Amino acid sequence: MDKELQSFLVEKARKVRLGVIDALGIGNRGHVGGSLSCADIVAALYFYKMRHSPEKQDDPNRDRFIMSKGHSVLAQYAALAEAGYFDKKVLATTKSLGSLLQGHPERQIPGIEANTGSLGQGLSMGVGMALAGRMDGLDYRVYVIVGDGELAEGQIWEAAMAANHYALSNLTVIVDMNGVQAMGRTSDRYSIANIPGRFAAFGWKTFEVDGHDVADIAGALDRASGVRGCPTAIVARTVKGKGVGFAENTHAYHNNLLTAEDREKAIASVMAM
Amino acid sequence: MEKVDVMEKTEKVEKKQEKNPRTAYGLAILELARADRNVVALDADLCTSTQSAQVEKNLPAQYFEMGIGEANMASVAAGFALCGKTPFIHTFAVFATGRPFDQIRQGICLPNLNVKIVGSSEGLSDFGDGATHQCFEDMALMSVLPNMTVLAPVDAAEVPKVVRAAAAIQGPVYIRLNRNDLPLLTDESTPFEIGKPLVLAEGKDVAICVNGVTAGMGLAAREILSGQGLEARVVNFSTIKPLNEKIVREALGGVRALVTAEEHSVIGGLGAAIAGCLSKAPLPTARVGIADRYGQSSHSYEQLLEHYGLTPEAIAGAAREILKA
């Protein structure tokens, strides 16, 4: 990846993180950790890989993105605002009564493709979208971000079987493998080891990337879209809370608030990345 | 209010028309899918039981086998709907509503997606398989979900109308289907409209509210009551939701009491829906249905219906009691 594109994406990822902090506000609990861990992936999707446009939201051939780990939608809201789907000022209203931006993704929000939040369902929705695209002879691609903790949901593996059965090469799952779930480290709480091996065993072509290296992510997305005959899984090693020092690698900030002072520190931390 | 002379029509049509609701369903979904290539059928390894096999056989490009995975099937259907398709998902009623309840709630009803859920082998109609495969909760589970329409066709002749009406709605619809032959009480000319009850027979003393298999029983109960000097109106409710007070009152106007009869738990089904509509000024109502309990195996559907208290005699008895009260 050329340096210019790389720094463009790094800046977009920074804007996504700042948007997450905006959406979180001061004194309101929100899912900051998981939103920050997938910020670089979300930036690579919206500002590098995906064919999409806020001016053509109903384009039947747009690429689809589903945030299956719906609590991390703050990153998606930030990316959508950055891409022009709605005014950035709306971010600050997130989760307030009557706001467009709900605690979990809902379809009435511009750019949101599916309702998620009850974990484990987004990959199945992606299977439906991929099947529909094939049926219509459209070449759009479907991207689904899941969490590593989310992989405990059995439905993920029902969807993995379905995608393999139908050889959905137009479907890519990206695992935001931040290693931390709501109650602690995933390895301690509920073992979900060898994620690439699990997807491979289900017939998926798998890639492993540094989930905070936009060039690495973008490269894997490009390789995934070239795969024929099977679905693709990109397992991204990430850090929960990435970019906000005090929130990194801890479940304490899975769903937590920022004080006014925290907010300043968080912004400074993201600016220093 | 629509009225038909059921007894007369039954005689005329009985010999030539399909009496099995699921067979009628297979033909109806095939016809719909032929007319609209955006209609897709999904099934969880029961396509010959549910008769979605008609689509698989005749329009294989519009059929998607989902394996024995109902939760995935429901969410895949949401994905199809989000891309402009009209998915019909199929399995037994118990697996269509209970198992993927969360997928239906979160992924289909909340965003008001155009997914049709077809629950086959409802109630006791899968008599041999016992409690795990019988379902008295489906109307309750589906009715409680905002945006959901809940339909229970009265006979095989009504099935195609129900399927077409469901397809014409932009939103989720649940259709419950009986596995076994049912008496033909309507024909092609009988009107069907979502939300409107159908008076199957007139009477002024008591109204017997029915749907599905209890419709024929209600008419037989009316005959029993007639021999005892009581005039029963029989009103069929193929729509459980949405129902509104005005229309229900209109259909039930003038009688002194009601009996509701359903092949469903007495909690949360037809009786509850009608009681809800009339709650501001209720009529004395007896509710015949499955008591708060599970099913069991039997070699005969009729034997099982009788065991669970769903018979014309039970309905007529409930009517006499409530009129005395």
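Everything numeric in this text was worked out from a predicted model, so none of it was measured. Throughout, protein chains are lettered first and strands after them, A, B, ... in sequence-line order, and every chain is numbered starting at 1.
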Notebook entry, point to check: B/L113 versus chain A, heavy atoms under 4.5 Å apart: side chain, backbone, both or neither?
Noted result: side chain
Notebook entry, point to check: What part of B/A61 is in contact with chain A, defined as an atom under 4.5 angstrom from a non-hydrogen atom: side chain, backbone, both or neither?
Noted result: backbone
With 3.5 Å as the limit, can you list every donor-acceptor pair between chain A and chain B, backbone and side chains included?
from: A/S118; atom 1: OG; to: B/D102; atom 2: OD2; distance (Å): 2.3
from: A/Q121; atom 1: NE2; to: B/D102; atom 2: OD2; distance (Å): 2.8
from: A/S124; atom 1: OG; to: B/N72; atom 2: OD1; distance (Å): 2.6
from: A/M135; atom 1: O; to: B/R37; atom 2: NH2; distance (Å): 3.4
from: A/D136; atom 1: OD1; to: B/K85; atom 2: NZ; distance (Å): 2.5
from: A/D136; atom 1: OD2; to: B/K85; atom 2: NZ; distance (Å): 3.1
from: A/Q155; atom 1: OE1; to: B/Q103; atom 2: NE2; distance (Å): 2.6
from: A/Q155; atom 1: NE2; to: B/A71; atom 2: O; distance (Å): 3.3
from: A/Q155; atom 1: NE2; to: B/S75; atom 2: OG; distance (Å): 2.8
from: A/E158; atom 1: OE1; to: B/N72; atom 2: N; distance (Å): 2.9
from: A/Y166; atom 1: OH; to: B/E65; atom 2: N; distance (Å): 2.8
from: A/Y166; atom 1: OH; to: B/E65; atom 2: O; distance (Å): 2.7

Item checked: Residue-level contacts of residues 76-83 of chain B with chain A, using a heavy-atom cutoff under 4.5 Å -> B/V76, B/A78, B/G79, B/F80, B/L82, B/C83
Margin query: For A/K205, I'd like to know if atom NZ has over 12 heavy atoms of other residues, nucleotides or ligands within 6.0 Å.
Written below: no
